[in-house]
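Just so it is clear: chains get the letters A, B, ... in the order the sequence lines come, proteins before strands, and each one is counted from 1. Because the structure is predicted, anything quoted here is derived from the model rather than measured.
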Amino acid sequence: MKTLTLATKEHGGTWFGVVIGNQDKLLASSFSKSQKNLVRHLRADAPGQPIQSFTNESNVPLNEMIDFYEGKPTASKTRLDWERVSEFEKSICQSMKEIPRGKVASYGMLAKRIQSGPRAVGTGVARNPWPLFVPCHRVVPASLEIGNYSIGGALSDYGCEMKRVLLEREGVPIEGDRISAEALWIPTGV
DNA sequence: TAGCAGATACCTT
DNA sequence: AAGGTATCTGCTA
């Protein structure tokens with residue numbers, strides 16, 4: 001069994017972390033206000049595996065992650081490790097990756113796309129192992145409110161605020177607590 | 001137009 | 001076979 005790498009880095013008061021496994025592929029990512037919670041969450045994602053930790057390590061996936069966080073257009077070179085992801089979650093993640101920066105899609109839209117139901121999609125989106133790399137923050141309720149977001153495996157107000165900030169930084173127009181309809185992603189070729 | 005049931009679809013264990 | 005869900009819709013006022 002290969003030793004995994006856990007790298008964390010602080011940026012602007014927030015901690016970012018990635019777990020890297022075989023062939024430099026990304027197993028999981030996460031971010032949090034506290035490094036302790038961040039590490040606990042990421043370690044829980046790789047139970048029983050030897051893991052080597054680095055703090056304030058500068059590496060490509062971490063730098064990309066911070067760029068995503070800042071809302072910058074980023075062409076990611078990081079390869080994702082899909083090994084532990086179910087077929088259902090895979091199709092959700094692939095749909096999410098298609099949502100362009102500055103646009104949003106609803107749970108219901110994604111459900112239709114993969115022929116599932118909106119609530120099931122909700123659970124799948126919530127299980128996204130690679131927040132920021134796979135833009136789960138671009139999935140919102142059909143009401144076009146911000147909706148829910150969890151960080152470190154737990155729903156929180158902080159998470160929802162963060163989701164809003166991420167969308168704003170990507171240029172999604174938001175009036176009050178509602179996203180403008182023009183930001184809705186219209187999938188091509190359906 | 002906001003709030004709220006009740007319905008839905010289906011994934012995970 | 002049951003339990004859970006980061007939803008949706010249509011009804012009410």
Side-chain angles (χ1 to χ4, degrees), chain A residues 14-19 26-34 37-38 40-49 65 68-69 71 80-187 190:
Chain A
T14 299
W15 282 90
F16 298 83
V18 291
V19 178
L26 189 66
L27 238 81
S29 63
S30 185
F31 60 109
S32 165
K33 277 186 288 195
S34 101
N37 290 339
L38 174 70
R40 187 178 45 216
H41 179 232
L42 285 174
R43 289 196 80 107
D45 218 38
Q49 299 192 57
M65 195 180 177
F68 283 126
Y69 175 79
L80 308 180
D81 190 330
W82 299 83
E83 228 169 80
R84 298 145 49 84
V85 178
S86 74
E87 287 305 309
F88 174 66
E89 290 159 355
K90 228 178 259 182
S91 57
I92 290 180
C93 285
Q94 273 154 6
S95 297
M96 289 194 286
K97 278 158 73 78
E98 293 176 36
I99 308 171
R101 206 179 77 100
K103 297 281 178 187
V104 297
S106 76
Y107 296 95
M109 284 173 65
L110 294 192
K112 270 185 200 148
R113 246 175 121 61
I114 66 169
Q115 293 162 351
S116 176
R119 304 193 71 163
V121 166
T123 65
V125 171
R127 275 203 253 268
N128 173 22
W130 311 285
L132 296 177
F133 291 91
V134 173
C136 55
H137 57 278
R138 295 180 191 152
V139 187
V140 300
S143 60
L144 290 184
E145 288 160 305
I146 302 298
N148 288 309
Y149 195 79
S150 50
I151 278 180
L155 260 174
S156 67
D157 290 344
Y158 168 64
C160 297
E161 294 290 328
M162 190 53 66
K163 182 175 182 180
R164 181 204 187 86
V165 168
L166 288 171
L167 291 174
E168 280 173 344
R169 288 199 192 134
E170 291 185 346
V172 172
I174 301 174
E175 290 159 24
D177 61 352
R178 197 143 302 190
I179 294 163
S180 313
E182 67 199 64
L184 254 185
W185 173 52
I186 313 291
V190 174

Given [options], which nucleotide is nearest the side-chain atoms of [X]?
X      : options              : value
A/P118 : C/dT5, C/dC8, B/dT12 : C/dC8
A/A142 : C/dT5, C/dC8, C/dA6  : C/dC8
A/R127 : B/dT12, B/dA2, C/dA6 : B/dT12
A/Y149 : C/dA6, B/dT12, B/dA7 : C/dA6
A/F88  : C/dA6, B/dC11, B/dA7 : B/dC11
A/L155 : B/dA2, B/dC11, C/dA6 : C/dA6
A/S150 : B/dT12, C/dA6, B/dA2 : C/dA6
A/A120 : B/dC11, B/dA7, B/dA2 : B/dC11
A/S106 : C/dA6, B/dT12, C/dC8 : C/dC8

Can you tell me the distance, in whole Å, between the [atom1] atom of [X] and the [atom2] atom of [N]?
X      : N      : atom1 : atom2 : answer
A/R119 : B/dG6  : CZ    : C1'   : 11 Å
A/N148 : C/dA6  : CG    : P     : 7 Å
A/Y107 : B/dA9  : OH    : C1'   : 16 Å
A/I179 : C/dA6  : CD1   : P     : 18 Å
A/I92  : B/dC10 : CD1   : P     : 12 Å
A/E87  : B/dC11 : CD    : P     : 12 Å
A/Q115 : B/dC10 : CD    : P     : 9 Å
A/R113 : B/dC10 : CZ    : C1'   : 20 Å

Legend entry - Secondary-structure stems, DNA chain C, at least 3 Watson-Crick or G-U base pairs under 3.5 Å: B:1-7 with C:7-13, B:9-13 with C:1-5
Side chains of [X] and [Y] in contact at under 4.5 Å (non-hydrogen atoms):
X      : Y      : result
A/L27  : A/P129 : no
A/F16  : A/T14  : yes
A/V134 : A/L80  : yes

Legend entry - Exceeds 12 heavy-atom contacts within 6.0 angstrom, atom NZ of A/K90: yes
Legend entry - Side-chain donor-acceptor contact under 3.5 Å, A/S180 with A/E182: no
Legend entry - Sugar-phosphate only, base, or nothing, as touched by A/S143 at under 4.0 Å among non-hydrogen atoms: nothing
Inset, instruction - Under 4.0 Å between any heavy atoms, over every strand shown, what does A/G147 touch: base, sugar-phosphate, or nothing? Just pick one. - result: nothing
Inset, instruction - Give a yes or no on whether a salt bridge exists between A/E175 and A/R178, defined as a side-chain N under 4.0 angstrom from a carboxylate O. - result: no
Inset, instruction - Between A/N128 and A/K112, just flag the one whose closest nucleotide in DNA chain C comes earlier from the 5' side. - result: A/N128
Legend entry - A/K163 side chain to A/C136 backbone, donor-acceptor under 3.5 Å: no
Legend entry - A/F31 and A/Y69 aromatic ring geometry - parallel, tilted or perpendicular at 30°/60° bounds: perpendicular
